[in-house]
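Structure first, commentary second.
Hydrogens, waters and symmetry mates play no part in the numbers below; they use all other heavy atoms, side chains included. So you know, we letter chains A, B, ... as the sequences are listed, proteins then strands, and number each from 1.
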Number of protein chains: 2
Amino acid sequence: MAFFTGVRFAGKNAIELKDEKKAFGGKQLRFRHNSGVLNCAMDFSVFLPPQAEREKVPAVYWLSGLTCTDENFSSKAGAQRVAADLGIALIIPDTSPRGDGVPDDPDGAYDFGLGAGFYVNATEQPWAKHYQMYDYIVKELPELVESGLPLTSDRAISGHSMGGHGALVIGLRNSERYQSISAFAPIVNPINCAWGKKAFSGYLGDDESQWRQYDATVLLQERDSRSHDIPPILIDQGDADNFYPDQLRTEALIAVNNETSAGAKIRYQPGYDHSYYFIASFIEEHLHFHASNLR
Amino acid sequence: MAFFTGVRFAGKNAIELKDEKKAFGGKQLRFRHNSGVLNCAMDFSVFLPPQAEREKVPAVYWLSGLTCTDENFSSKAGAQRVAADLGIALIIPDTSPRGDGVPDDPDGAYDFGLGAGFYVNATEQPWAKHYQMYDYIVKELPELVESGLPLTSDRAISGHSMGGHGALVIGLRNSERYQSISAFAPIVNPINCAWGKKAFSGYLGDDESQWRQYDATVLLQERDSRSHDIPPILIDQGDADNFYPDQLRTEALIAVNNETSAGAKIRYQPGYDHSYYFIASFIEEHLHFHASNLR
């Protein structure tokens, strides 16, 4: 890692560099570290643009959807080209705790357990020991990468589907930490869809009042009514998406957005589905949106 | 497929549309057809740019490397963005015959048999019945897609590693059919590397004189000395590529290129490896190169 100045690989924030590839003049990196929050070893990917050789750069955090790891967005979205142009780092975590000791859905379902952490802090057993993805994304991962890589503390957050839910919830609840929020086909109202009900009842228990802190539609209304700052928000939703409208419930967020002063820009993209081809088609606009707010 | 005018899905060129996704305003398509040349069902992918809704467009054929299918380039290279901008279709075949009746390397090696057709017409048993990838790429596939999709007969050809070898060999031997050739990290002198010796002895037998028709370095020299037309050629090679120089033998082609009037542009890209991050970083330049020759 002589490539970067100021990188630290020892002490409590020790991380192992597993892979390094040149891409668009910058570096696509993959790390493994021991997460104290998640109680397991975690992989994550980082793209550092060429500008990071000379100066600290801001970062867009990308949260992926159900079944993904850090590698889906890294290999399929084409985001590095734009990030290299704009001088933005990409921080790409996994979607759940991982490893032999981490419990999975007893039936191996794709929408709960491994690959499906839903970016919450679980309170129920046996999930609570490891499934603390909210704190991992908000606190532990930024501390780690900002201490070891040439990053400013300027952050934006984005994601897809379950990760779009995560980006909206984390961005809205921590508006002092993120300068902008975007999402592709996010689950905007999980307390009212099948995916969300299954995940939240499993991780958080039956008291639905505990679910509301992880629901973007609820949060947008609450934060607006309490005059909290709400960062600029951009959302794209394909109208040929298999999961629209039942699981994603875009209309619920649009209704609240129209009632409030939040001013989120929520766009339908005709003919696009839920795949990475949709993300690849619009990631350039999202990164330009974040760049305009990060500078 | 009402999206395109003039598409034919019946008769001897019948093809099944397996998947269709909107991407960059165009369509990423995946087809299955019964190949008479390969004696098996074959999948291939096509990107049609938005311009194909209104008019016939030229095509770049992409040949992938060892272990790949049509899906690697489709999902990882980010080529659709540029192709949509330039009004170029992408035709992306598999790398070998496939299916239960198709023999594989007895040890399941990655560099022979399934996923490793090397774009030759096999003459040895048991390979000859199915492993006819040269004729499939040169004749059957173009006939099929040009009869059923809104394509002109303007073609360029490109590829990666084993597919870069295929693009160079097929383009050089059929200069009347391809207006330009490009390659990423191609195997340029397979008769003198381990991958090529294994593949050619297996598919073509021990008579090394039969190997020379599939060796880009040999072909470039022969065609130059016989004053054949040689299409414009662009090659990129990463200098941090694990397979350089032993398997790829870039220097052999450079030596011949320097002796002849071929004028191939062969570039070393510092720090890049053999991965799709390398391809993604330079595919825009390759497609612009092809577009300038296709128009």
Please report, to 0.1 Å, the donor-acceptor pairs under 3.5 Å made by any side chain of residues 55-63 of chain A, with sequence neighbours excluded.
unit_1  : atom_1 : unit_2  : atom_2 : d
A/Trp62 : NE1    : A/Ser64 : OG     : 3.1

Hey, does the side chain of A/Lys76 reach the backbone of B/Ala77 with a donor-acceptor pair shorter than 3.5 angstrom? no
Could you tell me which portion of A/Tyr272 (side chain, backbone, both or neither) has an atom closer than 4.5 angstrom to a non-hydrogen atom of chain B? both
So, do B/Tyr277 and A/Gln80 sit near enough that their side-chain heavy atoms are less than 4.5 Å apart? yes
Going by heavy atoms in the side chains, are B/Arg81 and A/Glu284 under 4.5 Å from each other? yes
Between B/Asp273 and the options A/Lys22, A/Glu20, A/Lys21, the side-chain contact (heavy atoms from CB on, under 4.5 Å) test singles out A/Lys21
Could you give the distance from OG (B/Ser281) to CD (A/Gln28), rounded to the nearest 0.5 Å? 10.0 Å
Answer with side chain, backbone, both or neither: which region of B/Phe24 has an atom nearer than 4.5 Å to a non-hydrogen atom of chain A? both
Can you list everything that forms a side chain to side chain donor-acceptor pair (under 3.5 Å) with A/Asp43? Sequence neighbours excluded, please. A/Lys18, A/Arg32
Identify which part of A/Ser275 has an atom lying under 4.5 Å from any heavy atom of chain B, answering side chain, backbone, both or neither. side chain
